[in-house]
There are 2 protein chains.
Amino acid sequence: MAKPETTSVNRRSEIISAAIEVFAEIGYYRATTAQVAERAKISQPYVFRFFSTKENLLLAALEVSWSRVIESFRKLVETTSPELLEAKLIQEYVNIQEMYQNEVLLQMQAQTIREDAIQETMRSGFKEVRDMVLAAFREAGMDKPEERTMLFLARGMLCNVAVAINLPELMKG
Amino acid sequence: MAKPETTSVNRRSEIISAAIEVFAEIGYYRATTAQVAERAKISQPYVFRFFSTKENLLLAALEVSWSRVIESFRKLVETTSPELLEAKLIQEYVNIQEMYQNEVLLQMQAQTIREDAIQETMRSGFKEVRDMVLAAFREAGMDKPEERTMLFLARGMLCNVAVAINLPELMKG
DNA sequence: TGATTTGATTATTGATCAATCACTTTTAAT
DNA sequence: ATTAAAAGTGATTGATCAATAATCAAATCA
């Protein structure tokens, strides 16, 4: 079987990638489905063949961005020695932020959207990350694992802001 | 001189209050100036007599929300004993978050907007808060004041998220 | 070959919005 | 009372957008 270059699955993820870029740069509500289509090099109505509404496209984009974080944290947790774990997790998140800035920006936007489906996706993503980190910190015999988990997440959120508004001194200390 | 009930200054701040509510609830880009006007009980074109563009209205709303934080932190810093300072600051921010949720939500939105004027307002607000807290922590003889300042801000950002997506367990620990 | 599915586009629509213009009403000073 | 300034509104506009309808084209298969 020859591998076709454009499968339906490929197109789908191309559209999601385009959406992540456009939504992050322009803002979800201001961005148009025509701009997403242009970035994905397809026609605007074709977006709706894959995602029946603009919101469904946003939800798919958010799921990709959460998977990015969750999958790479999971790999780290499974392969890193307890004494290095916290440092490696921090390092990994900084790396994700550099490589996938737009995904982080999109998550930040989604945090402020008052729509049930979107809030539920955000809650579920945060919960999964928190549970995984907390379990790993406990496994590693860290003391006050809840507090360390909270501070790990807190640093992550401040780092998001520092990058988003381009004010690196926020992370000094 | 009798005090008139509706001065130009009053109207201005009524419009800003309405804008903070509407922008926070609906999202800045999705919200319409007609919705702001309706909430302020004036006509839509009258908004533009005070704020020549929608973006200017957003900037005014952000300045109000930053003043809220900065003024109340400043009062605390000037009147609180060193050993209570950090706890009181945290308490005060939690209080602001309960009383002025919409202002916090609006700031979170603004963090993700890629427009120079807005980003500059956000940088300036964060800088002022950070400088004030850092100076106060130093004054109080705290050790590692930079790190404590960073962690104070970080906790604040995580708290914002926890409230915004309604996931209080994020703050456990 | 002819038929069917899959991939894709052009054209359109009904709704919506920021901003402007042309007015009217109210207030207050002379 | 008169008038000028200030406060405020209705009507409109030009642009823009999500979503749908109607088709076309190219593979795939019988």
Side-chain angles (χ1 to χ4, degrees), chain A residues 1-62 106 109-110 113-115 117-118, chain B residues 1-62 106 109-110 113-115 117-118:
Chain A
M1 271 199 291
K3 263 193 198 163
E5 253 143 66
T6 47
T7 64
S8 172
V9 176
N10 283 348
R11 271 282 182 262
R12 198 187 136 89
S13 62
E14 284 167 16
I15 295 170
I16 292 175
S17 296
I20 289 170
E21 289 180 25
V22 171
F23 289 170
E25 287 168 15
I26 312 217
Y28 169 66
Y29 287 120
R30 188 172 43 161
T32 72
T33 55
Q35 288 170 309
V36 173
E38 189 184 4
R39 189 79 57 115
K41 288 171 189 158
I42 58 169
S43 67
Q44 181 257 343
Y46 200 38
V47 173
F48 287 83
R49 168 99 11 143
F50 292 85
F51 306 93
S52 58
T53 65
K54 193 185 176 188
E55 184 178 302
N56 283 344
L57 175 54
L58 172 60
L59 288 169
L62 287 174
L106 188 60
Q109 281 185 40
I113 296 179
R114 320 324 300 110
E115 298 276 320
I118 292 157
Chain B
M1 271 198 292
K3 263 191 198 162
E5 253 145 65
T6 45
T7 63
S8 172
V9 175
N10 283 348
R11 270 282 182 264
R12 199 187 134 89
S13 63
E14 284 167 16
I15 296 170
I16 292 175
S17 295
I20 289 170
E21 289 180 26
V22 172
F23 289 170
E25 287 168 16
I26 312 214
Y28 169 67
Y29 286 120
R30 187 173 43 160
T32 72
T33 55
Q35 288 170 308
V36 173
E38 189 184 4
R39 188 80 55 116
K41 289 171 189 158
I42 58 170
S43 68
Q44 181 257 343
Y46 200 37
V47 173
F48 286 83
R49 170 100 8 146
F50 292 85
F51 306 94
S52 56
T53 64
K54 192 185 176 188
E55 184 178 303
N56 283 344
L57 176 55
L58 172 61
L59 288 169
L62 287 174
L106 188 60
Q109 281 185 41
I113 297 180
R114 325 311 312 108
E115 298 276 321
I118 292 158

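Within every chain, numbering begins at 1; the chains are lettered A, B, ... in the order of the sequence lines, protein sequences first and strands thereafter.
Atom CD1 of A:I20 sits about 12.5 Å away from atom CD1 of A:I15, to the nearest 0.5 Å. Considering OH of A:Y28 and CG of A:L62, their distance stands at 9.5 Å, rounded to 0.5 Å.
B:A31 meets the side-chain contact (heavy atoms from CB on, under 4.5 Å) test with B:V22, B:F23, B:I26, B:Q35; sequence neighbours excluded. Residues that satisfy the side-chain hydrogen bond (donor to acceptor under 3.5 Å, both in side chains) test with B:S8, not counting sequence neighbours, are absent from this structure. Listed by chain and residue number, B:E115 satisfy the salt bridge (Lys or Arg N to Asp or Glu O under 4.0 Å) test with A:R30 (two or more places apart in sequence, or in another chain). For A:S13, there are no side-chain contact (heavy atoms from CB on, under 4.5 Å) partners two or more places apart in sequence or in a different chain. Every residue meeting the side-chain contact (heavy atoms from CB on, under 4.5 Å) condition with A:R12, not counting sequence neighbours, appears here in chain and number order: A:I16, A:F50, A:F51, A:A60. Applying the side-chain contact (heavy atoms from CB on, under 4.5 Å) criterion to B:S17, with sequence neighbours excluded, gives no partner residue. Residues passing the salt bridge (Lys or Arg N to Asp or Glu O under 4.0 Å) test with B:E55: none are found, sequence neighbours excluded. For B:R39, the salt bridge (Lys or Arg N to Asp or Glu O under 4.0 Å) partners two or more places apart in sequence, or in a different chain, are B:E21, B:E25.
One atom, CD of B:E38, and another, C1' of D:dG10, lie 16 Å apart when rounded to the nearest Å. Here the P atom of nucleotide C:dT20 and the NZ atom of B:K54 are 15 Å apart, to the nearest Å. Taking atom CD on B:E14 and atom P on D:dA7, their separation rounds to 13 Å, with Å as the unit. The interatomic distance linking B:F48 (CZ) with D:dG10 (C1') rounds to 16 Å, in whole Å. Between the P atom of C:dA18 and the OH atom of B:Y29 lies a distance of 12 Å, rounded to the nearest Å. Going from atom CD of B:E55 over to atom C1' of C:dC17 covers 16 Å, rounded to whole Å.
Heavy-atom distances under 4.0 Å link DNA chain C to B:A31, B:T32, B:T33 of residues 30-37 of chain B, given in residue order. Interface residues of residues 15-28 of chain B facing DNA chain C, ordered by number: none; criterion, heavy-atom separation under 4.0 Å.
Inter-residue side-chain proximity for B:L58 and B:L106 is flagged as met; some heavy-atom pair is nearer than 4.5 Å.
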Distances for protein N or O near nucleotides 7-11 of chain C N or O, under 3.5 Å:
unit_1, atom_1, unit_2, atom_2, d
C:dA8, OP1, A:R11, NH2, 3.0
C:dA8, OP2, A:R11, NE, 3.1
C:dA8, OP2, A:Y46, OH, 3.1
C:dA8, N6, A:R49, NH2, 3.4
C:dT9, OP2, A:S43, N, 2.7
C:dT9, OP2, A:S43, OG, 2.8

